[in-house]
Each structure stands twice: as C-alpha cells, then as structure tokens.
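What follows is one structure encoded as structure tokens, with my remarks underneath.
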Amino acid sequence: MTTERKFVEELIEQEDDFDRWYVEVVRKAELADDSPVRGTKVIRPYGFALWEHMQAELDRRIKETGVQNAYFPLFIPKSMIEREAAHIAGFAPEVAWVTRGGDKELEEPWAVRPTSEAIICPMFARWVQSYRDLPILINQWCSVVRWEERPRAFLRTLEFLWQEGHTVHATLEEAEQRARLMLEVYRDFVETELALPVIPGQKTESEKFAGALRTYTIEAMMGGKHWALQSATSHNLGDHFGRVFDIQFLDAEGKRRYAFNTSWGLSHRTVGAMVMVHGDDRGLKLPPRIAPIQVVIVPIWRSDDERVKVEEAVDRVRGLLRDVVRVHADLREDKTPGWKFNDWDLKGVPLRLEIGPRDVAQEQVTLVRRDVLGKRQAIPISGLVQAVTEILDDVQHSLFTAAKRMLDTHTEDVSDYERLKERVAINAGFSRASWCGSAECETRVKAETRATIRCIPFEQPEQVGPCLVCGEAGRFQVIWARAY
RNA sequence: CGGGGUGUGGCGCAGUUGGUAGCGCGCGGCGUUUGGGACGCUGAGGUCGGAGGUUCGAGUCCUCUCACCCCGACCA
C-alpha cells in the first residue's frame, strides 16, 4: 500500500474522504475546473469530450423513438412561468431573474429557464389544432439555471447541461406510454453506455416533479458513501399544462379536448455518477463506449536508434487501430513513461498499449487494462485489432458487473425501522422496505434519518408486508436512501 | 439562511515579540535521462483578497468589507 500511495500521492484516497476525492479527481483529471462565478464550473475539453460522446449516443437513441431536436429561448416571461401554480411553486426558490436589459428596467421580469415547459407549451398551443397534429415529439440540448445553495461539480451547479424532451399527445394513455418509453431509453443508455446499474421506478407524490401527474426515475448508487443519485427522470404531466397553456385540439369526433404532455431529462450529473461509481484511488475509470480516448499508446525508448524503431511501430499500431477505436499516441517528450502511465490512469483511459524495444523486437505490444492494473499482457501485432476490440468490450462489461455487485451488496431488505436508521447512519446503502403510502411516514423518516424514498421500483414482490414505519398494511416496496 | 473555516507567486503551504516576503511542486533554458510520477545546473514569477486605521515601520495589530470552501436546511 505504501508503494501504491506513492504513485498517486497527489490524489486523496477514497476511504479517507470520498467527497474530497471526488472534488480532486474531477479537477486533476481535467474534467472541470472552478470558475470565477460561484457555483458554476468550467467544463474542460476532456470532460466536454466525454459529455459529447454521451450526447451522441443518447441523441441517437432519442431520435430512434421519433423525436426531433429543436431549440427554445433561454428566457421565460414571468407571467408565463407562473401559469402552472404547482410548477412555479416548486421552482420559485431556485429561479434566476433578468430585470434589466441594457440600462432599461424590464416591464416584466424574465426567468432564466430552470426547465422549459413554460416556454414550450405556449408554442405547442399554437401548433396544435387537430388530433392530426399529434403527437409532437421534441427534444432540446441546452443549459438551464437553478439557483442552488450548495453546488458540487457536475452533480449540482447553478448552470447545468442537459437534454429536455417535451411531447404532446391526444390521450393520457399515450402520454403515459411515452413517459415510460423514455425512462426505458434512459435506463438502457445509462446501463449500456455508462455501465451504471440503476433501479427504475416511480417517485412518490412528495418527490415528483413540480406540476407533474407522475414522475418516473432511475436511481443509481454512488461509491464511497453509497448514497443514491437520481440519474434521469421522465414525467407524465397529464393535462395540467395542456389546460393552463390552452393546448386544445379537435378530436376525430369533432370534440374540443385538452392535450396531454410529457417531459423528460438527463443532465451532465451522470458524468459525476460515472466518476463516483467507477473511480478508484488512482482516478477515473471510464467505460470504453463513451471514453474520449479508448486506447492510449505510450512509447518507450532509450537510444536514438531505439526511438526510431519504436516510433515507427507506434505509427503502424496507431494506423491499425485508428479506424476501429479512439486511439491516442502520447508522444510528449518531456514526460517519462511512468509519468504518462499515472496520468492516463488518472484520466481513466480503458486500455494502454506500451511499445518499447522489447515489443518491437517481438512484433508485439504490451497491453494494460485500467480496470485490472498491474497485469501486463503481450499482444502480437497481427492479432491486435481483434484483441483490442474484444478487451474493450470486456472492460465495459466488467465495469457494469462490478457496479452491479456494489449495488446488490449494499442493498438490504429491511423490516424494522431501527435497522433502517442504523443503515442510514453508517452509509450502508439502499434499504428496501414496505411502505403504507402515507406522506406522514415518509416525512417522519426523512426528518429522523435524512433518508428519502428514492423510488417505488417497478419490480414489486408478490406480497408486501406491513409499513416499516407505522405497521399498517403496506402498499408498496420502496427504496430508502440518502441522496446527493 | 444558521454553524465553522480560509484568503500570501500557477498550485500546496511557511512566515516567531510588527523591521520591508520564503519553501515544495509546477513553469522557461541547457544537459543527462525514459518498461509505474527521473536528475543536475540555471532562470522567470508575488506587495501578502479589498478599504481604512494604529505605528518611524504592517503579511503580522485594530475596524469595516468582499470572496471562496466545508458542515447543516434545500436540490436534476
């Protein structure tokens, strides 16, 4: 352990202080940096590249369901955002306002969007006349602003990047299907691409989106303290917004009806989730499928003669891999190989190929996996492309499997309230328990333990026992946990 | 908004009873190095968060102020 520590002396160990480890790894791996503005972060090229790869994959999946991208204004007039009472009540504490333009006071303040229902729905009202205009399926990639009190890089910043989808439908059933469909898109994306196992389910009344009929969520478990992180949400808004924004249409029978909406979003907090779930004392471990660099080549030489041969081999190997994976050759001359190894470990590159005189002589490269450090394997150049492809795939699965193991290990069925308190107090993870459905029991647990119901999982047991808190008949099995 | 803390080269820090700012890392140059964070020589870089005050003299003392961080309440 002493030697281990030496390699990463600049990074605090997870066990010592997980939250500080997170702050440090985000900064040192060059994902993000502090900005001069409180509560905001600068996303650096490496972090942004990661987000771009995530965007590309999620965007593709969203479009496959028939959704089109569009863009709506950043500002929302006060009167507009205040139309849906529950909606504004929920967001009011965290809305930023524009009250001046140049040197003129605005007649009516503008909200900087905390989410865009209030500016998109009025447009839907203009576009929808007939049932033939429905459904409308729209998504936008943008940033929104929520005036949070305690920011944390990626997880909670005043301004954050996300996509928000907004749809209009003729029937409640169709809206419900869409809300569930998009949650499934998120689940598949997060599990397949980010290697983060999640628990899909429904939010309780008190935890649902402001103005929604129902909110669905996927909840992931972070490393370290095993707290929950809401990784994406999808809302069936019912006809609440249709009514207040007057989205009406004539149905096939010529009857005037209010339309039904959904909205759903996934933000760059999932970047933080990947950091916290997969990372270790050496830094990030990025899932190959969205890693900006999947394979890094580190050349090693002593003499000028060796250097020529090694560089030739590096070129050849890079040429072989270039069309297959995202490969980068680290040709920096002012850094030693050892320094580079640590640097790329910190940045979480899934595979490293070392090419030195010994490798050149034997027509091979030395391969090291980020997820199983310390094990070097020689790969003949002739079989390199296939080997790299297969191993990347294996790394992706291994990351998911390890994360799933953590989730399962730190989830326990609890039937005794004292046991729940104990588990929350020691950061033991998720607790599965029966709940009667009353807000009183929910509030009480939150007040006494700080844990909240993360979701009512879709997967329910045949029989639900008595409520963990009040002992009355249980209606659902729910997941209790502390959350970021 | 409550509680705690910190502001000194890019980063991390030191700076005794007030005496005119120092260390490590990093950075530039040269040379030797390179299979898990190399080394030598050399060089550049700060007026101590801001304002006011006390004093012959303030990074050190006093007053005010600003910013940031951490812990709570809140949160995609």
Side-chain angles (χ1 to χ4, degrees), chain A residues 3-12 17 19-20 23-24 27-28 33-40 90-95 113-115 143-164 186 203 207-210 215 217-220 227-235 263-273 282-283 298-304 306-307 310 330-346 352-360 365-366 368 373-376 378 446-447 450 452 482-484:
Chain A
T3 41
E4 288 276 322
R5 182 169 293 138
K6 206 176 136 208
F7 298 146
V8 289
E9 54 197 347
E10 291 175 31
L11 195 60
I12 189 172
D17 186 339
D19 290 337
R20 225 182 105 197
V23 170
E24 286 191 5
R27 196 164 55 81
K28 287 173 176 164
D33 205 351
D34 292 332
S35 93
V37 183
R38 183 196 77 90
T40 63
F91 280 103
E94 46 192 42
V95 172
R113 63 181 169 215
T115 176
S143 72
V144 292
V145 170
R146 297 182 189 178
W147 215 261
E148 301 290 357
E149 296 302 328
R150 279 196 61 196
R152 241 177 220 280
F154 291 113
L155 303 186
R156 197 183 313 108
T157 45
L158 294 207
E159 181 186 8
F160 62 90
L161 300 172
W162 76 345
Q163 59 69 218
E164 48 175 326
Y186 288 145
K203 283 291 185 188
E207 297 277 333
K208 75 180 186 186
F209 179 76
T215 291
T217 178
I218 49 175
E219 298 284 325
W227 285 14
L229 187 79
Q230 179 176 308
S231 304
T233 49
S234 181
H235 319 291
S263 67
W264 23 275
L266 179 143
S267 77
H268 74 191
R269 79 181 328 198
T270 44
V271 171
R282 287 168 174 277
V298 178
I300 298 155
W301 71 78
R302 292 170 203 274
S303 65
D304 284 347
E306 285 176 344
R307 177 175 173 170
V310 164
D330 187 351
L331 303 174
R332 286 177 288 184
E333 297 189 22
D334 59 325
K335 307 292 185 201
T336 61
W339 195 95
K340 291 175 183 177
F341 297 163
N342 285 288
D343 192 41
W344 295 113
D345 285 349
L346 175 62
R352 178 175 79 234
L353 303 182
E354 301 171 14
I355 301 181
R358 294 203 294 267
D359 302 296
V360 172
V365 301
T366 299
V368 180
L373 285 172
K375 286 182 193 158
R376 287 183 156 76
K446 187 177 178 182
R450 292 187 197 154
T452 51
R482 283 201 69 170
Y484 275 101

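Here is how names work: the chains are called A, B, and so on, in the same order as the sequence lines, proteins then strands, and each is numbered from 1. A quick note: this is a predicted structure, and the numbers were derived from the prediction, not measured.
- Partners of A/Ser143 according to the side-chain hydrogen bond (donor to acceptor under 3.5 Å, both in side chains) rule, which considers only residues two or more places apart in sequence or in another chain, are A/Glu159.
- In this structure, A/Asn342 contributes its side chain and A/Trp339 its backbone to no donor-acceptor pair below 3.5 Å.
- A stacking contact links A/Phe160 to B/rA76: the aromatic ring centre lies within less than 5.5 Å of the base's six-membered ring centre, and the planes differ by less than 30°.
- Distance from the side chain of A/Ile300 is smallest for B/rU34 among the nucleotides B/rU34, B/rA76, B/rG72.
- The side-chain hydrogen bond (donor to acceptor under 3.5 Å, both in side chains) test applied to A/Thr270 returns no partner, not counting sequence neighbours.
- Under the rule for a side-chain hydrogen bond (donor to acceptor under 3.5 Å, both in side chains), the partners of A/Lys203 that lie at least two apart in sequence or sit in another chain are A/Glu219, A/Gln230.
- Atom pair A/Lys340:NZ and B/rU34:P shows a separation of 13 Å (rounding to whole Å applied).
- Nucleic acid contact class of A/Thr270 (heavy atoms, under 4.0 Å, all strands): none.
- Counting non-hydrogen atoms under 4.0 angstrom, A/Leu229 reaches nothing in the nucleic acid.
- Here the separation of B/rG24 from B/rC30, taken at their C1' atoms, is 23 Å to the nearest Å.
- For A/Arg352, the salt bridge (charged side-chain N to carboxylate O under 4.0 Å, His left out) partners at least two apart in sequence or on another chain are A/Asp345, A/Glu354.
- Atom CZ of A/Arg27 is separated from atom P of B/rC69 by 12 Å (rounded to the nearest Å).
- Interatomic distance, CG of A/Leu158 versus CD of A/Glu148, reported as 7.5 Å (0.5 Å rounding).
- Taking A/Phe91 as the reference, A/His87, A/Phe209 meet the ring pair (Phe, Tyr, Trp, His ring centres under 6.0 Å) condition, with sequence neighbours excluded.
- Computed from coordinates, the A/Asp304 CG to B/rU34 C1' distance equals 12 Å when rounded to whole Å.
- Residue contacts shown for A/Gln230 are limited to sugar-phosphate atoms, with no base heavy atom under 4.0 Å away.
- Contacts of A/Gly356 with the nucleic acid, taken as non-hydrogen atoms under 4.0 Å apart, include base atoms.
- Rounded to whole Å, the C1' atom of B/rG15 lies 14 Å from the corresponding atom of B/rG19.
- For A/Val368, whose side chain is taken as the heavy atoms from C-beta onward, the closest listed nucleotide among B/rG36, B/rG35, B/rU34 is B/rG36.
- For A/Trp301, there are no ring pair (Phe, Tyr, Trp, His ring centres under 6.0 Å) partners, not counting sequence neighbours.
- Taking OG1 of A/Thr115 as the start and CZ of A/Arg146 as the end, the distance is 5.5 Å to the nearest 0.5 Å.
- Rounded to the nearest Å, the gap between the P atom of B/rC62 and that of B/rU54 is 15 Å.
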Shorter than 3.5 Å, N or O on both sides, protein versus nucleotides 38-40 of chain B: list them out with atom names.
{"residue": "B/rA38", "atom": "OP1", "partner": "A/Thr336", "partner atom": "OG1", "Å": "3.3"}
{"residue": "B/rA38", "atom": "OP2", "partner": "A/Thr336", "partner atom": "OG1", "Å": "2.8"}

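- Counting non-hydrogen atoms under 4.0 angstrom, A/Arg146 reaches a base of the nucleic acid.
- Here B/rG36 presents its P atom at 17 Å from NZ of A/Lys335, a figure rounded to the nearest Å.
- Using a 4.0 Å heavy-atom distance criterion, A/Thr115 is classed as making no nucleic acid contact.
- By the salt bridge (charged side-chain N to carboxylate O under 4.0 Å, His left out) test, A/Asp33 pairs with no residue at all, sequence neighbours left out.
- To the nearest 0.5 Å, the span separating CG on A/Leu155 from NE2 on A/His268 amounts to 8.5 Å.
- Nucleotides B/rC48 and B/rG29 place their C1' atoms 30 Å apart, quoted to the nearest Å.
- When base pairs are accepted only as Watson-Crick or G-U wobble with both N-N or N-O distances under 3.5 Å, RNA chain B takes part in stems of 3 or more pairs at B:1-7 with B:66-72, B:10-13 with B:22-25, B:27-32 with B:38-43, B:49-53 with B:61-65.
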**Message:** Please evaluate residues A/Arg358 and A/Ile300 with respect to the criterion side-chain contact (heavy atoms from CB on, under 4.5 Å), reporting the C-alpha separation (whole Å), side-chain torsions for both, the decisive distance (0.1 Å), and the verdict.
**Reply:** CA-CA 10 Å; A/Arg358 294 203 294 267; A/Ile300 298 155; over 6 Å; no
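- Contacts of A/Thr233 with the nucleic acid, taken as non-hydrogen atoms under 4.0 Å apart, are absent.
- Comparing B/rG9 with B/rG26, their C1' atoms are spaced 11 Å from each other, to the whole Å.
- A/Lys446 comes within contact range of the sugar-phosphate backbone alone, with a heavy-atom separation under 4.0 Å but no base atom that close.
- Picking from B/rG37, B/rU34, B/rG35 the nucleotide with the shortest atom distance to the side chain of A/Glu354 gives B/rG35.
- In terms of the side-chain hydrogen bond (donor to acceptor under 3.5 Å, both in side chains) criterion, A/Arg302 has no residue partners (sequence neighbours excluded).
- A/Asp330 places its CG atom 17 Å from the P atom of B/rU34, with the value rounded to the nearest Å.
- Rounded to whole Å, atom C1' of B/rU34 lies 14 Å from atom CG of A/Leu331.
- B/rU20 and B/rG28 have their C1' atoms separated by 29 Å, with the value rounded to a whole Å.
- Among the nucleotides B/rA76, B/rG37, B/rC27, the one closest to any side-chain atom of A/Asp343 is B/rG37.
- The side chain of A/Pro357 lies closest to B/rG35 when the candidates are B/rG72, B/rG35, B/rG36.
- With salt bridges taken as basic N to acidic carboxylate O contacts below 4.0 Å, one links A/Asp330 and A/Arg332.
- Only the P atoms considered, B/rG10 is 13 Å distant from B/rG50, to the nearest whole Å.
- Spacing between atom CG of A/Asp33 and atom C1' of B/rC11 amounts to 11 Å, rounded to whole angstrom units.
- Nearest nucleotide to the A/Arg352 side chain, out of B/rG36, B/rU34, B/rA73: B/rG36.
- Every residue was checked against the ring pair (Phe, Tyr, Trp, His ring centres under 6.0 Å) condition with A/Phe341, not counting sequence neighbours, and none meets it.
- For A/Arg269, counting side-chain heavy atoms from C-beta on, the closest listed nucleotide (B/rU34, B/rG37, B/rA76) is B/rA76.
- Here, B/rG45 and B/rG3 have their C1' atoms 39 Å apart, quoted to the whole Å.
- The CZ atom of A/Arg20 sits 11 Å away from the C1' atom of B/rG12 (whole-angstrom rounding).
- Closest contact between the side chain of A/Thr366 and the listed nucleotides B/rG35, B/rG36, B/rC27 involves B/rG35.
- When distances are taken from the side chain of A/Arg450 to each of B/rC27, B/rG72, B/rG35, the shortest belongs to B/rG72.
- A/Leu266 comes within contact range of no nucleotide atom at all, as no heavy-atom separation falls under 4.0 Å.
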Under 3.5 Å, which protein N or O atoms sit close to an N or O of nucleotides 2-9 of chain B? Give each pair with its distance.
none

